[in-house]
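Before any comments, here is the structure.
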Amino acid sequence: MTLETYQAKRNFKLAPKSKDGKAVSAKRPAAKARSPAPRERDWPKGARKGAMPDFIEPALAKLKPKPPAGDRWIHEIKFDGYRLQVRVENGKVRMLTRSGLDWTEKFGSEVVEAFAALPVQSAVVDGEIVVERDTGASDFSALQRDLSEGRDDRFVFYAFDLLHLDGHSLVNVALIDRKQLLESLLPDDNDKLRYSAHFNESGSLVLDHACRLSLEGVISKLRDSKYTSGRKGDWIKSKCSHRQEFVIGGYVPSTSMKNAIGSLAMGYYQGGELKHVGRVGTGYTAATAQLLYEKLSRLTQNENSFDDKLTSEERRGLIYVKPQLVGEVEFRAWSADANLRHAAFRGLREDKPAKDVTRETEKIMAPPLPKSAVALTHPDRIYWPDEGVTKEGLANYYAEVWRFMAPYVVNRPLALLRLPDGINGRQRFFQKHAWKGMNPHIEEITDPKDKQGEKLLRISDFDGIVALVQSAVLEIHPWGATTDNWEKPDMITMDLDPGDEVEWEDVIAAAYELKERLEAEGLAAFVKTSGGKGLHVVTPLTPKAGWVEVKGFAKWLADSMSADDPDRYLATATKAKRTGRIFIDYLRNGRGNTAVAPYSARARPGAAVSMPLEWSELTADVGPTYFTVDNTPTRLDALPRDPWDGFFAAAKPLEKKKR
DNA sequence: GGACTAT
DNA sequence: ATAGTCCAACGCGGT
DNA sequence: ACCGCG
């Protein structure tokens with residue numbers, strides 16, 4: 001990792017967050033233009049006096065597969081919310097949608113008040129209103145839910161352009177100057193109204209990092225461009241997902257609706273042959289599903305529409321149709337078997353002849369997902385109601401992460417947190433012993449130190465984790481040792497648990513501090529989000545030292561850190577005096593103790609997961625609950641390698657010297 | 001989620 | 001039949 | 001010895 005890319009990542013900020021997920025204001029130089037009278041302002045080149053127009057047609061971005069190259073372009077995060085034009089006139093605020101509708105009343109009072117407090121007489125600000133999850137990216141589905149439920153306490157406005165100010169039109173001013181003026185006006189202490197910063201790094205780098213952060217994509221804009229209404233091409237949108245047309249070669253009728261399709265089998269032409277790319281089973285409304293059925297049921301044929309031989313699973317329930325219709329599909333990746341990953345139907349393309357549909361993207365292919373023979377009894381049982389994550393959704397998540405996760409959960413004694421009725425249900429219990437009626441893919445094992453005792457639990461493959469999901473296991477907590485070597489741990493997990501009022505940046509600093517101390521002992525250090533409150537720093541060990549020694553070392557680490565900096569760190573779990581300090585929890589490292597597994601879901605609102613990170617990815621934006629069951633697949637598709645690549649290869653034995 | 005137990 | 005119950009556990013530090 | 005804490 002070069003310093004340059006490291007810094008590019010560090011700079012990759014949306015808005016810094018404190019550890020409890022509350023946004024903290026970005027540290028910017030105090031705005032100079034806080035309250036100048038309009039005529040004192042230095043107007044940038046291109047500003048023209050003029051009355052404020054009623055509505056300025058917004059500039060829209062063209063979708064391109066890649067961000068443009070070259071330093072004429074700057075790149076902003078693509079927000080996943082509603083585009084709004086905010087008009088301030090003498091303290092009165094109106095918020096207009098893309099088409100000019102007045103939606104001021106829909107978003108509560110906080111954003112409006114923030115605009116009313118701006119040091120301006122009048123202004124037109126372009127931006128996007130979003131709902132941010134506790135600690136993270138904007139979330140369109142949360143926005144829509146908040147709107148429909150009348151909830152108005154989570155809206156945040158990202159301002160990215162300034163079109164008019166105090167009797168001056170700015171649409172002919174260079175973008176970079178408009179943004180600079182905008183930034184100078186915005187408060188630096190109001191987390192409901194934020195400045196949308198841009199990046200000067202190469203567009204592909206910015207997009208890559210956006211995708212690794214599970215964001216939607218980036219918007220690229222010409223640095224010196226005027227504000228141009230409409231989709232003229234000086235704003236370019238590139239996304240972490242891909243979009244292209246495919247030919248419909250068959251359909252599966254819906255099981256829940258009459259005369260409607262349930263999914264489509266699609267393909268593209270290559271060398272005159274129709275290549276099958278798998279099924280698209282989401283993305284259509286009931287109306288579209290019926291329309292497609294009506295059109296497709298007239299095109300049915302008996303023989304395979306594809307030139308590939310389909311497997312029996314691919315053929316199941318499939319009705320072939322003459323390959324004539326073309327549909328647009330959004331998807332995140334290609335799988336290694338040349339199927340689409342996470343595909344959603346986005347509409348029919350009546351204008352394109354089927355024969356012209358070819359494959360448009362070259363992409364590193366994602367490896368195939370593991371499949372399980374374990375049946376889920378109620379696949380649509382909802383485990384996380386707010387996120388709509390079901391039992392099947394959780395199983396699919398583990399299929400996505402399994403190739404990375406397996407080494408940390410397989411062949412280790414497990415403690416499980418089970419919530420048969422989901423996270424809001426009445427039942428929640430830990431379990432570390434075998435139970436009656438247990439799925440056979442969960443193994444009963446005997447603790448060699450307690451041969452008479454109750455049997456412990458272990459899984460050895462993907463079927464095992466699906467069996468855990470079926471058993472309503474929402475958190476997986478393995479030992480830090482494998483069952484090949486019960487008495488010799490192969491990792492140390494240090495849990496950095498911030499008390500109230502600890503800044504997230506300080507938790508990150510604590511992780512780096514721990515890393516340095518571990519490296520000073522000749523050990524490697526890896527970091528993951530906990531999915532809860534803090535961070536976990538994990539060290540691979542060559543199994544050599546026993547539990548007592550390893551735990552003693554962990555305690556020594558925690559003790560020495562708190563001794564060297566008692567104002568910041570605490571090595572004891574006492575609740576009192578936790579405020580403002582970080583508890584370094586070393587006691588996950590005794591025999592029989594556990595820590596939440598890498599990639600394990602957490603049984604809390606938000607469906608966060610414990611996410612392994614490269615150190616360079618550990619930035620202020622990535623709070624402890626940033627990555628979730630929902631947004632992790634986008635990240636994985638964008639990752640060039642396992643973020644903990646080389647974990648076990650980096651193992652060193654713990655040398656006897658410290659206790 | 002599922003077995004076992006009390007009513 | 002149906003409702004209720006169980007499903008971990010232990011060392012640490014502070015009083 | 002007991003309590004709260006992970």
Side-chain angles (χ1 to χ4, degrees), chain A residues 374-383 390-392 394-395 412-442 444-445 447 449-450 453-458 464-480 492-500 530-537 547-559 562-563 566 569-579 581-596 602-604 610 624 659:
Chain A
V374 177
L376 301 178
T377 50
H378 299 282
D380 46 7
R381 169 97 77 228
I382 293 175
Y383 282 161
T390 61
K391 184 191 279 188
E392 186 168 43
L394 183 61
R412 297 167 185 277
L414 301 177
L416 310 173
L417 182 59
R418 301 180 58 196
L419 295 88
D421 305 313
I423 63 159
N424 293 339
R426 213 167 40 78
Q427 303 181 81
R428 163 186 293 252
F429 51 91
F430 277 92
Q431 193 151 9
K432 64 182 203 182
H433 296 134
W435 64 93
K436 296 210 172 116
M438 203 167 71
N439 186 296
H441 291 100
I442 307 171
E444 301 182 11
I445 53 173
D447 181 348
K449 275 267 178 72
D450 184 14
E454 290 189 75
K455 298 279 196 280
L456 301 184
L457 304 170
R458 177 175 74 180
I465 200 167
V466 179
L468 295 182
V469 172
Q470 165 57 18
S471 309
V473 171
L474 302 199
E475 294 190 6
I476 303 169
H477 298 244
W479 285 30
I492 304 171
T493 301
M494 302 294 272
D495 174 11
L496 296 170
D497 185 7
D500 290 338
S530 69
K533 281 177 71 184
L535 289 171
H536 293 168
V537 175
W547 288 107
V548 172
E549 199 181 330
V550 167
K551 185 174 167 184
F553 174 78
K555 175 169 165 45
W556 168 81
L557 256 185
D559 282 342
S562 73
Y569 306 126
L570 207 62
T572 59
T574 341
K575 197 77 165 180
K577 240 14 190 169
R578 279 276 279 283
T579 305
R581 292 196 179 83
I582 298 168
F583 169 43
I584 305 168
D585 183 359
Y586 63 90
L587 33 262
R588 334 276 74 235
N589 300 295
R591 193 179 196 278
N593 295 130
T594 59
V596 74
R602 302 308 302 267
R604 318 163 180 237
S610 180
R659 98 180 289 282

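Just so we're on the same page: letters track the sequence lines, and every chain starts at 1.
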Note, R381(A) side chain near L376(A) side chain (heavy atom, < 4.5 Å): no
Length of the line joining I442(A):CD1 and dG1(B):C1', which is rounded to integer Å: 10 Å
Listed nucleotide nearest any side-chain atom of K436(A), set dG6(D), dC4(B), dG1(B): dC4(B)
N or O in side chain of R578(A) less than 4.0 angstrom from dG6(D) OP1/OP2: yes
Separation of the C1' atoms in dC5(D) and dA8(C), to the nearest angstrom: 15 Å
Spacing between F583(A) atom CZ and dG4(D) atom C1', to the nearest angstrom: 12 Å
dG1(B) phosphate, OP1 or OP2, under 4.0 Å from Y383(A) side-chain N/O: yes
Nearest heavy atoms of S610(A) and S530(A), plus distance in Å: CB-O, 3.7 Å
Atom-pair distance (CG on L570(A); P on dC5(D)), nearest Å: 14 Å
Side chain proximity check, S471(A) to I442(A), heavy atoms < 4.5 angstrom: yes
Within residues 418-431 of chain A, residues whose heavy atoms come under 4.0 Å of DNA chain C: Q427(A), F429(A), F430(A), Q431(A)
Sugar-phosphate only, base, or nothing, as touched by R381(A) at under 4.0 Å among non-hydrogen atoms: sugar-phosphate
Contact boundaries on DNA chain C for chain A, cut-off under 4.0 Å to non-hydrogen atoms: dC6(C) to dG14(C)
Pair T572(A), K577(A): side-chain N/O donor-acceptor within cut-off below 3.5 Å: no
Beyond-backbone contact of L456(A) with H433(A), side-chain heavy atoms, under 4.5 angstrom: yes
Residue pairs involving residues 413-429 of chain A (criterion salt bridge (charged side-chain N to carboxylate O under 4.0 Å, His left out); sequence neighbours excluded): none
Salt bridge present between R591(A) and D447(A) (N-O < 4.0 angstrom): yes
Contact check, side chains of H441(A) and V466(A), non-hydrogen atoms, under 4.5 Å: no
Interatomic distance, L587(A) CG vs dC5(D) P [rounded to whole Å]: 14 Å
Rounded C1' spacing from dC3(D) to dA9(C) in Å: 15 Å
Heavy-atom side-chain contact between I445(A) and L457(A) under 4.5 Å: no
Sugar-phosphate only, base, or nothing, as touched by K577(A) at under 4.0 Å among non-hydrogen atoms: nothing
Between dG6(D) (C1') and H477(A) (NE2): distance, integer Å: 12 Å
Gap between atoms CG and P, on L457(A) and dG2(B) respectively (whole Å): 16 Å
